[in-house]
Novice: 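Below are the structure tokens for one structure; questions will follow.
Indexing begins at 1, ligand by ligand and atom by atom, following the structure's order.
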Amino acid sequence: MKPVKIGIAGLGTVGSGTVNVLERNADEITRRAGRAMEVTRALVQDPRKARGCALDGIALTTDPKELLDDPEIEVIVELMGGADGLAHDFVMQSISRGKHVVTANKAMIAVNGNEIFERAHAAGVMVAFEAAVAGGICIIKVIREGLSGNRVNRLAGIINGTGNFILSEMRSGHRGFDDVLAEAQRLGYAEADPTFDVEGVDAAHKLTILSSIAFGIPLQFSRVYTEGISRIKPEDVLNAAELGYRIKHLGIAARVEDGFELRVHPCMIPEERLIANVEGVMNAILVEGDAVGPTLHYGAGAGAEPTASAVVADLVDVVRALTTDPNNRVPHLAFQPDALSDLPVLPIDRIHSAYYLHLKAVNRPGVLAEITRILGDLHISIQAIQQKGNGDSEAIMPIVIVTQVTREDNMNQALAQLSSLGTVTGEITRIRLEHLEWD
Ligand code: NAP
Ligand code: HSE
């Protein structure tokens, strides 16, 4: 049988990794897919740039039409990035021409996926996106297919490799934030705009996708509460360690009584939890189904070949399914498109959590009592409180408080009242604390 012809849009970190894996493992991949695959054209921005892969048999172009109008190309692999603009137009045009699509572009899927899948469903083409979430971990396949007998109740995961690399190095290597971020960029882990990694946007894109396939809801990126790691200070990392916790950036999705919680933010986790010990660029996702119980999925969350591993797995799936009836393929978002739930995503002030607070206050008799009274009046129980510093009267002393579980809007009121005390100075750090007893 003739090889399946593939056009790749984007030959950077992931694109080059994909060409290398396809080349190196060509025999194994052909034995699995049933047909050989051949990359014949690649769309790039600068054809003179050095590439991380051999270009044998690949014609480089800066014109998207050369891929779109090539009747021999059956599958497009989109690895340029960006929610809108070229990547989105290119994917929509590929679908219109009946070409199947494989993409690693979580921003595009999270923001425009509902439209893309509707168009793909109507056209009978596949849009595969395993590499969009957690790099090399096959978490889309696990949730969409492996756990399809379950009602998924909740999931929580470290789903941004760059962020986890930064937090790990801050804790164990005592390195500065900017230095570690620069290394993550050099290693090809970070997004083109690294604020997406450090401000939680990339994790929110991924959580949007995970929640949709876990709960059978439309993709709702704008409803995800999003907070990044840029305000985590080295002293918070040390305080967490002293208290027996690790700070991780988590994406959390949960089914609650009247809707769904979708949130990404830094989290303190007891250090004995498996997920608290996931370090560097590794990702891990805890998924709880009613039948299977808790499951934990671990692997490299970014980088050329781990991500290429997922891209190539999608290519194998697409090639195997080329001749199948489109109506009998696995639905893009796991559930049949006409069977999605319209239960709402709840606002963040409705969640329940424990909290770590770090504030600075004047060391004066009665100040601690004032702080604990504010928390007590709002029915917030204190689990631990530590006053740090040398004890000099009238000095500014750091105070660390760990609370028991309360509703987020209670904590918001407490923070507003604490900030308005004349004896409290500067910004109060609040980090949510999850015990993750289900891991
Ligand atoms: P990258 O290294 O920056 O590569 C992007 C590629 O797209 C480059 O080859 C670039 O061409 C090409 N490109 C960009 N704009 C273009 C334009 N206007 N016209 C033609 N070509 C254009 O990015 P990457 O890290 O491989 O990421 C690609 C996608 O995978 C993104 O959606 C990213 O979020 C996703 N992803 C990345 C990772 C990772 O670990 N890096 C993991 C999972 C998912 P030139 O080379 O000529 O500049
Ligand atoms: N920038 C992303 C990360 C790439 O660091 O996780 C993988 O999606």
Novice: So, are Arg255 and Glu261 salt-bridged, with charged N and O less than 4.0 Å apart?
Specialist: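 Looking at Arg255 and Glu261, the cut-off is not met.
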Novice: If you take the nearest heavy atom of each of Gly161, Gly135, Gly301, which one is closest to atom 7 (C) of ligand 2?
Specialist: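 Among Gly161, Gly135, Gly301, the closest heavy atom to atom 7 (C) of ligand 2 belongs to Gly301.
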Novice: Select the closest option to atom 29 (C) of ligand 1 among Ile8, Thr18, Asp46, Leu79, judged by heavy-atom distance.
Specialist: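 Looking at heavy atoms only, the winner is Leu79.
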Novice: Does the plane of the ring in Tyr189 sit parallel, tilted or perpendicular to the ring in Phe165? Use 30° and 60° as the thresholds.
Specialist: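 Perpendicular: the ring planes of Tyr189 and Phe165 meet at over 60°.
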Novice: Are Tyr355 and Glu408 linked by a side-chain donor-acceptor pair shorter than 3.5 Å?
Specialist: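 Glu408 and Tyr355 do have a side-chain donor-acceptor pair below 3.5 Å.
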Novice: So between Gly81, Gly161, Ala50, Gly136, whose heavy atom ends up nearest atom 32 (O) of ligand 1?
Specialist: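 Looking at heavy atoms only, the winner is Gly81.
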Novice: May I ask you to test the Met80-Gln45 pair for a side-chain heavy-atom distance under 4.5 Å?
Specialist: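 With C-beta onward as the side chain, the pair stays apart.
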Novice: Quiz question: by atom type and distance under 3.5 Å, do the side chains of Glu115 and His88 form a donor-acceptor pair?
Specialist: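 Distance-only check passes for Glu115 and His88.
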Novice: My understanding is that we take every heavy atom of each candidate and find the minimum distance to atom 39 (C) of ligand 1. Doing that for Gly188, Ala107, Gly15, which one comes out nearest?
Specialist: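 Selected option, by shortest heavy-atom distance: Gly188.
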Novice: So between Ala134, Ala104, Ala132, whose heavy atom ends up nearest atom 44 (C) of ligand 1?
Specialist: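 Result: the heavy atom closest to atom 44 (C) of ligand 1 is in Ala104.
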Novice: Do Lys106 and Ile209 come within less than 4.5 Å of each other through their side chains, counting heavy atoms only?
Specialist: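 A side-chain contact exists here, since the closest heavy-atom pair is under 4.5 Å.
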Novice: Could you identify the single nearest non-hydrogen protein atom to atom 5 (O) of ligand 2 and state the distance to 0.1 Å?
Specialist: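 So the nearest neighbour among protein heavy atoms is Thr162 OG1, 2.6 Å.
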Novice: Give the atoms of ligand 2, by number and element, whose distance to some non-hydrogen atom of Glu191 is under 4.0 Å.
Specialist: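 Result: 1 (N), 2 (C), 4 (C).
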Novice: Which atoms from ligand 1 have a heavy atom of Ala302 less than 4.0 Å away?
Specialist: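 It comes down to these atoms of ligand 1: 40 (O).
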Novice: Checking contacts here: is it the side chain or the backbone of Asp197 that comes within 4.0 Å of ligand 2, counting heavy atoms only? Could be both or neither.
Specialist: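 It is the side chain that gets close, since no backbone atom is under 4.0 Å.
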Novice: Are any of the protein's heavy atoms under 4.0 angstrom from atom 2 (O) of ligand 1, yes or no?
Specialist: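 For atom 2 (O) of ligand 1 the answer is yes, since some protein heavy atom falls inside 4.0 Å.
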Novice: Could you list the atoms of ligand 1 found under 4.0 angstrom from a heavy atom of Leu11?
Specialist: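 Near Leu11, meaning under 4.0 Å from one of its heavy atoms, ligand 1 has 6 (C), 8 (C), 9 (O).
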Novice: Flag this pair as yes if the NZ/CZ of Arg144 is under 6.0 angstrom from the six-membered ring centre of Phe129 and inside a 45 degree cone about the axis; otherwise no.
Specialist: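 Yes.
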Novice: Give the contacting part of Val281 toward ligand 2: side chain, backbone, both or neither, where contact means a heavy-atom distance below 4.0 Å.
Specialist: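 The answer is neither; Val281 stays 4.0 Å or more away.
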Novice: Once the angle between the rings of His332 and Phe117 is folded into 0 to 90°, is it parallel (under 30°), tilted (30 to 60°) or perpendicular (over 60°)?
Specialist: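 Judged by the thresholds at 30° and 60°, the geometry between His332 and Phe117 is parallel.
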Novice: Is ligand 1 less than 4.0 angstrom away from at least one heavy atom of Gly303?
Specialist: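 For ligand 1, residue contact (heavy atoms, under 4.0 Å) with Gly303 is present.
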Novice: Return yes when Arg51 approaches ligand 1 closer than 4.0 angstrom through a heavy atom, no otherwise.
Specialist: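 It does; at least one heavy atom falls under 4.0 Å.
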Novice: Indicate, as side chain, backbone, both or neither, the part of Gln45 found under 4.0 angstrom from ligand 1 when only non-hydrogen atoms are considered.
Specialist: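 It is both parts that get close, each with some atom under 4.0 Å.
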Novice: What heavy-atom pair brings Glu279 and Ser168 nearest, and what distance separates the two atoms?
Specialist: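 Closest pair (atom of Glu279, atom of Ser168, distance): OE1-OG, 2.8 Å.
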Novice: Should you measure from each heavy atom of Asn105, which atoms of ligand 1 turn up under 4.0 Å away?
Specialist: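 Answer, ordered by atom number: 32 (O).
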Novice: Where on Thr307 is there a heavy atom closer than 4.0 Å to ligand 1, on the side chain, on the backbone, on both, or on neither?
Specialist: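 Side chain only.
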Novice: Using distance alone, determine whether Tyr189 and ligand 1 share an N or O pair under 3.5 Å.
Specialist: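 No, since none of the N or O atoms of Tyr189 sits under 3.5 Å from an N or O of ligand 1.
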Novice: So is Gly301 polar-close to ligand 1, meaning N/O to N/O under 3.5 Å?
Specialist: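 Min N/O separation from ligand 1 is not below 3.5 Å for Gly301.
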Novice: Residue-level breakdown please: for Met108 versus ligand 1, do any non-hydrogen atoms fall below 4.0 Å on the side chain, on the backbone, on both, or on neither?
Specialist: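 It is neither; nothing of Met108 touches ligand 1.
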Novice: May I ask which of Gly10, Gly82, Ala308, Ala131 has a heavy atom nearer to atom 7 (O) of ligand 1 than the others do?
Specialist: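 Among Gly10, Gly82, Ala308, Ala131, the closest heavy atom to atom 7 (O) of ligand 1 belongs to Gly10.
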Novice: List ligand 1 atoms under 4.0 Å from Leu86, heavy atoms only on the residue side.
Specialist: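 Every atom of ligand 1 under 4.0 Å from some heavy atom of Leu86: 17 (C), 18 (N), 19 (N).
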Novice: Taking distance alone, with N or O pairs closer than 3.5 Å, would you say Tyr189 contacts ligand 2?
Specialist: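 Right, the criterion is met.
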Novice: I need the atoms of ligand 1 closer than 4.0 Å to a non-hydrogen atom of Glu191, numbered in the order shown.
Specialist: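 Taking each heavy atom of Glu191 in turn, ligand 1 has 33 (C), 34 (O) under 4.0 Å.
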